[in-house]
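Working notes, structure below.
Just so it is clear: chains get the letters A, B, ... in the order the sequence lines come, proteins before strands, and each one is counted from 1. All heavy atoms count here, side chains included; hydrogens, waters and symmetry mates do not.
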Protein chains: 2
Amino acid sequence: METFATRGYHNASLAEIAERSGLTQAGVLHHFRSKAGLLTGVLDLRDQSDLAQLGEERPRGLAFLAHLVDTARRNAEREGIVRLYAVLSAESVTSGHPAQEYFRARYAGLRAMVVEAIGEAADAGEVPAGLDPRAAASAVMAVMDGLQVQWLLAPEAVDMAATTDLVIGALLGRPVPGGG
Amino acid sequence: METFATRGYHNASLAEIAERSGLTQAGVLHHFRSKAGLLTGVLDLRDQSDLAQLGEERPRGLAFLAHLVDTARRNAEREGIVRLYAVLSAESVTSGHPAQEYFRARYAGLRAMVVEAIGEAADAGEVPAGLDPRAAASAVMAVMDGLQVQWLLAPEAVDMAATTDLVIGALLGRPVPGGG
DNA sequence: GTCTATATTTGGATAGAC
DNA sequence: GTCTATCCAAATATAGAC
């Protein structure tokens, strides 16, 4: 994980991964049939410990959106994870990238969850009437992703949690804090 | 540009770039002292034809934010450019990446421009009183960047211009279209 | 300014011993 | 399950002819 996060997929070498694992390069390839297989293994492992694992027991409605802000807050303490996903998700759009299908599915699944949560909030009358749930869902996800890149390049210039909260609040028509 | 956009920096090869340029690999390196030099050359060239070139003659206040929406709209017709920046900006956060300083400066400059535009709009009374200009600026940039990755992976699932407009409008307190 | 030729390094992957 | 040894391909970069 750390090597893919720090180097990206293509610039990561099995030699470095092996060294950090206390193995030889051949030893690593005994457990994964290829470098691409290792990457998907890393991504599958990661999946077991975060958002995608929420599944059917996720918070509902506004609580889910609040959970996204919490995730952004926790992410500020987990630079490695943030870097891994920020680098690999963008790299995955290059031709023939082994994680392309993974991220396509991840975004589709995540978008569906956010759309559903917004729909739940709308049913409870907590969302402006004309809001397009799909556009809003894409927007929330995009803000979180985009903030990560900015934050990785200049951590002191960006507050991921506060900014995510600002956008979600604005989309929901929440009055600006301290403002009119 | 096309090769770096399609492959990313590390996975792009001078051989491919040379072939697409009608040169040999040595011929390419006659004009650029290294692969890294070629990348910065591409980025500098690109800069002459878009946002960063706006400089002091940019639109002011809300007109600048409207210009960002226009940029998102035009980007939907320029997949190559979108891919180039989406891939390289994220890749640039990896250690030792040759475009890291370029993107750090680009984001800082862009953020300053958006902050200024929001300040102008605020002076004109067109912005909610409590809005944090720096957070809002980061948010707008982040939305645009994040949407690009989603759009590259699933173009039919994302409307970059409409979603950018949605977020800007929400931050400015504009009523939702068709809504209450 | 472009080429051929080549140096040099590094990459992923495989075979087979232990 | 881990190793050594090796293969083969590809990479960037340089030297020097034309």
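- When heavy atoms are screened at a 4.0 angstrom cut-off, A:Ala12 is found touching the sugar-phosphate backbone but no base atom.
- In this structure, CG of A:Asn11 is placed 10 Å from P of C:dG12, rounded to the nearest angstrom.
- Under the 4.5 Å side-chain heavy-atom criterion for ILVMFWY residues, a single connected hydrophobic cluster contains both A:Ile168 and A:Leu62.
- The aromatic rings of B:Phe103 and B:Tyr85 sit perpendicular, their planes meeting at an angle over 60°, well past the 30° parallel limit.
- Relative to the ring axis of A:Tyr9, A:Lys35 places its NZ or CZ within 45° and under 6.0 Å from the centre.
- To the nearest angstrom, P of D:dA11 lies 15 Å from CG of B:Leu38.
- For D:dT2, the OP1/OP2 oxygens have a side-chain nitrogen or oxygen of A:His31 closer than 4.0 Å.
- Between the NE2 atom of A:His30 and the P atom of D:dT4 there is a distance of 15 Å, rounded to whole Å.
- B:Leu29 comes within 4.0 angstrom of a base, heavy atoms only.
- Rounded to whole angstrom, the span from the CD atom of A:Gln25 across to the P atom of C:dA13 amounts to 8 Å.
- For the pair A:Thr24 and D:dT2, the criterion of a side-chain N or O lying under 4.0 Å from OP1 or OP2 is not met.
- When the side-chain nitrogen and oxygen atoms of B:Ser13 are compared with OP1 and OP2 of D:dA11, one or more of them lie within a distance under 4.0 Å.
- Rounded to an integer number of Å, the gap from CG of B:Leu23 to P of C:dC3 is 5 Å.
- If you take CD of B:Glu19 and P of D:dA10, they are 13 Å apart, rounded to a whole angstrom.
- Going from atom CZ of A:Phe4 over to atom P of C:dG12 covers 9 Å, rounded to whole Å.
- Between the CG atom of A:Leu14 and the P atom of C:dT9 there is a distance of 21 Å, given to the nearest Å.
- Using a cut-off of 4.0 Å between Lys/Arg side-chain N and Asp/Glu carboxylate O, B:Arg60 and B:Asp123 are scored as not salt-bridged.
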